[in-house]
Peer 1: 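Starting off with a structure, shown below.
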2 protein chains.
Amino acid sequence: MVNGRTPSVKDVARSAGVSLGTVSNVMNRPEVVSPTTRERVERAMVELGFVRNESARQLRAGTSRTLAYVMLDGSNPFFHDVSQGIELAAEEADLSLFICNSNGRSEREEVLLDRLMQQRVQGILITPVNPDAPHLAEISRRGIPVVIVDRVGAGGLFCSVAVDDVLGGRIAVEHLAEQGHTRVAVVGGPESIGQVRERVEGARQIWAELGLPPEDLTYLPTAGLTVAEGRSAGERLAGIPARRRPTAAFCANDLLALGLLQQSIGAGLRVPEELAIVGFDDIEFAAAAAVPLTSVRQPRQELGRAAAQLVLDEATNPDHVHQQPLFVPELVARASTVVRSRSY
Amino acid sequence: MVNGRTPSVKDVARSAGVSLGTVSNVMNRPEVVSPTTRERVERAMVELGFVRNESARQLRAGTSRTLAYVMLDGSNPFFHDVSQGIELAAEEADLSLFICNSNGRSEREEVLLDRLMQQRVQGILITPVNPDAPHLAEISRRGIPVVIVDRVGAGGLFCSVAVDDVLGGRIAVEHLAEQGHTRVAVVGGPESIGQVRERVEGARQIWAELGLPPEDLTYLPTAGLTVAEGRSAGERLAGIPARRRPTAAFCANDLLALGLLQQSIGAGLRVPEELAIVGFDDIEFAAAAAVPLTSVRQPRQELGRAAAQLVLDEATNPDHVHQQPLFVPELVARASTVVRSRSY
DNA sequence: CACGCCGTATGAAACATTTCAAACATCCTG
DNA sequence: CAGGATGTTTGAAATGTTTCATACGGCGTG
């Protein structure tokens, strides 16, 4: 440490008067080395300020101690809650977690994945731009465990952990119907996002099953799942003549719902009396909105934790078989749909 | 790739009929190798599915291609915006970014830092639990650049990038005073957090300078900077007899402000008529609240970007000198303080 | 033709660790 | 006291790159 260079095992060995192998043993199998030498080595380590070089360890061992999570959208708190769950599981397994963010851009995603392969991470968790993209399969074929988070990969090629989005759409709209709404808007997009497609699909299914006329379920497409898009949807909604205007809206995620909520209140609409709103994800800010938001809860941390466990199983268990557990979403009713409820 | 093992440079060399060194040259200094052999090597690489082993590279080169950011609180969107700025700068410099989260726990922070040292990261950006903690100085002494983000390190030991929190507190309260408020609450805590101390300090300063009586500036301490704490502060605020109750509140961050806003509206208070609220940070959700939140804006992405540039300079420029640039915060007035303004 | 030069290609050394067979020491057993 | 058994330590090999001094081959110059 003194002469510039960070000390290596060799320096520690010399300083403690033992061989290389012994120092390594102190770190990796302390039980085989005698207490006295162990203590001597340990003292030398702190004295020199030794820090193990993980690259060298990894090179020799052939395996890293890192997982990676590639988020789809860093500006959506939902994904951070998921990553929190992953990190908890990683911490338990004594692994580091690399968090990256593709920001929905496919080419960025590819760059990140390439880097992660170069780092020889132990496993990759990803909410992909497109779960069917060939580069994902390619990574998996190379023997690096890949787990799809919040989507179901096609063809059982990977493990995945997701919530039943169709069911989520169903319970959201069913809830609105129960509250007596007969004209409902479904807000979300773009349809290239699988989650959006399925949530909308669920809404349509239950609507039909309840025997309500399809033309009373208005689809308001958006260009993304952001607060700003929610506001813009609100403006379009307000433009519909009052007689035909939906009295409730189901938004494909909470960001949209928050935007819609804000725009509607700003425009003088009373929520939920004149417009009821349901979101999706149940992010923390949903409950904290001025009119607390009814939302379809996904078990966010649990999703992350389960995904991490699957990736670890695939990495360590030779008898691993791919699984695609589907979590069941749950409606959390709050003031944005229920008149004068004190819930939450 | 076929026989299990991932191919190495050696395999590529054999397959292309050249030496190890040549393959390395193709990757690192393509200009010195003739076009024909280069092409041959490149074909062999894709054929075998070669992926460079970053650990080996790093071991030999002695330096990694990664930066790390240790966040203070993963549940606060503010820090994600900062990390977004860092990532942009890292991407430009062709570096990977490791994002971790200490969650405000000092011992977790130490574990993370230790791991990062083992990985031999090129530089560490951190919003520390305590900027004076000895382990930070220790890392820096070892030659790893450390940049403090959103705090100023003591004694000029490190580079740091921060916003003038005292000034931020001043402009927030000055704004409230300009709106005619003469009884103001200051909400925030714990005081162990430097940002909180300084923002409160700024509020007190300007209050005194304006010649207002100190007893009319009520300090409402909180146990953390969360939405829930904001709600709880709101309850305490409501408990104050109306004659003496503050008509405005300055919250040490936006999460508190959102909680306070929600609680107050829920309790039937009109915002801003009966209670004006200013937050701090100007996170995206501040503008998206049902009553858009006035807030003291920090240039979040810019903060991250500047920090990344400093760490890179320290890592590469031998003439580097530590700098502590202070950014100037800016008040963004919205509906939560300004009656019937259409601003934002 | 000898010489030096230039553009390419080579192969060994180095990086910091882990692993593993072998050496060594110590003690016990018969 | 020979022969194991047990417990500890050793030293060399191996991991996949990059670097660097060296070698090679062809070409132009004197």
Side-chain angles (χ1 to χ4, degrees), chain A residues 1 3-42 44-45 48-66 115 117-122 142, chain B residues 1 3-42 44-45 48-66 115 117-122 142:
Chain A
M1 194 188 73
N3 68 4
R5 210 170 43 76
T6 22
S8 69
V9 254
K10 205 184 293 183
D11 300 312
V12 174
R14 183 159 356 103
S15 157
V18 297
S19 75
L20 279 192
T22 303
V23 178
S24 174
N25 282 337
V26 169
M27 295 190 283
N28 302 305
R29 334 198 201 19
E31 68 281 3
V32 315
V33 22
S34 81
T36 66
T37 40
R38 177 165 66 214
E39 212 229 318
R40 195 144 41 92
V41 170
E42 274 162 355
M45 292 212 263
L48 296 176
F50 170 76
V51 177
R52 189 218 234 98
N53 184 324
E54 174 64 20
S55 300
R57 207 217 105 255
Q58 188 181 139
L59 174 59
R60 169 65 228 220
T63 163
S64 77
R65 305 287 299 155
T66 350
R115 262 211 252 270
M117 300 206 58
Q118 294 190 13
Q119 316 247 20
R120 302 291 194 270
V121 293
Q122 261 211 350
R142 279 194 144 78
Chain B
M1 195 188 74
N3 69 1
R5 213 171 39 77
T6 23
S8 70
V9 253
K10 206 183 292 183
D11 300 313
V12 174
R14 185 161 354 104
S15 157
V18 297
S19 76
L20 279 193
T22 303
V23 178
S24 174
N25 283 335
V26 168
M27 294 191 283
N28 302 305
R29 333 198 208 10
E31 68 280 4
V32 315
V33 22
S34 82
T36 65
T37 39
R38 178 166 64 216
E39 212 230 320
R40 196 143 41 91
V41 170
E42 275 163 354
M45 293 212 263
L48 296 176
F50 170 77
V51 177
R52 189 219 235 98
N53 184 326
E54 175 63 20
S55 299
R57 207 216 106 257
Q58 187 180 138
L59 175 59
R60 168 67 227 219
T63 164
S64 78
R65 306 287 300 153
T66 358
R115 261 212 253 269
M117 300 207 57
Q118 294 190 14
Q119 316 247 19
R120 302 289 194 270
V121 292
Q122 263 213 347
R142 278 195 145 77

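Numbers restart at 1 for each chain; the letters A, B, ... are given by sequence-line order, proteins then strands.
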Peer 1: Is a donor-acceptor pair below 3.5 Å formed from side chain R60(A) to base dT18(C), judging by atom type as modelled?
Peer 2: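 Counting by modelled atom types and ignoring angles, a donor-acceptor contact under 3.5 Å is found here.
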Peer 1: On the nucleotide dT10(C), are OP1 or OP2 found under 4.0 Å from the side-chain N or O atoms that S19(B) carries?
Peer 2: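 For dT10(C), OP1/OP2 do have a side-chain N/O of S19(B) under 4.0 Å.
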Peer 1: Regarding N28(A), tell me which of base, sugar-phosphate or nothing describes its non-hydrogen contacts under 4.0 Å with the strands shown.
Peer 2: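 N28(A): backbone/sugar contact only, no base atoms under 4.0 Å.
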Peer 1: Starting at CZ of R57(B) and ending at P of dT19(D), how long is that distance when rounded to a whole Å?
Peer 2: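 In whole Å, dT19(D) P and R57(B) CZ are 8 Å from each other.
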Peer 1: Please report, rounded to the nearest Å, how far the C1' atom of dT8(C) is from the CG atom of L20(B).
Peer 2: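 Taking CG of L20(B) and C1' of dT8(C), I get 16 Å after rounding.
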Peer 1: Between the side chains of R52(A) and N28(A), does any donor sit under 3.5 Å from an acceptor?
Peer 2: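 The answer is yes; a qualifying pair exists.
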Peer 1: DNA chain C: G17(B) or R52(A), which has the more 5' nearest nucleotide?
Peer 2: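 It is G17(B), whose closest nucleotide lies nearer the 5' terminus.
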Peer 1: Report the distance from atom CE of M27(B) to atom P of dG16(D), rounded to the nearest whole Å.
Peer 2: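 Those two atoms, CE and P, are 13 Å apart.
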Peer 1: Separation of Q118(A) atom CD from dT17(D) atom P, in whole Å?
Peer 2: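 Nearest whole value for this atom pair: 10 Å.
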Peer 1: Using a cut-off of 4.0 Å on non-hydrogen atoms, how would the nucleic acid contact of S24(A) be classed: base, sugar-phosphate, or nothing?
Peer 2: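 The answer is base, as S24(A) lies within the cut-off (heavy atoms under 4.0 Å) of a base atom.
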Peer 1: Which is true for V51(B) with a 4.0 Å heavy-atom rule: it touches a base, it touches only sugar-phosphate, or it touches nothing?
Peer 2: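 The answer is sugar-phosphate, as V51(B) gets under 4.0 Å only of primed atoms, P, OP1 or OP2.
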Peer 1: Atom CD of Q58(A) to atom P of dC15(C): distance rounded to whole Å?
Peer 2: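 Spelled out: CD on Q58(A) to P on dC15(C) is 20 Å.
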Peer 1: DNA chain C: N53(A) or T22(B), which has the more 5' nearest nucleotide?
Peer 2: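 The residue closer to the strand's 5' end, by nearest nucleotide, is T22(B).
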Peer 1: With a non-hydrogen cut-off below 4.0 angstrom, is S55(A) in contact with a base, only sugar-phosphate, or nothing?
Peer 2: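 If one applies the 4.0 Å heavy-atom cut-off, S55(A) turns out to touch nothing in the nucleic acid.
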Peer 1: Is S34(B) touching bases, backbone alone, or none of the nucleic acid, heavy atoms closer than 4.0 Å?
Peer 2: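 The answer is sugar-phosphate, as S34(B) gets under 4.0 Å only of primed atoms, P, OP1 or OP2.
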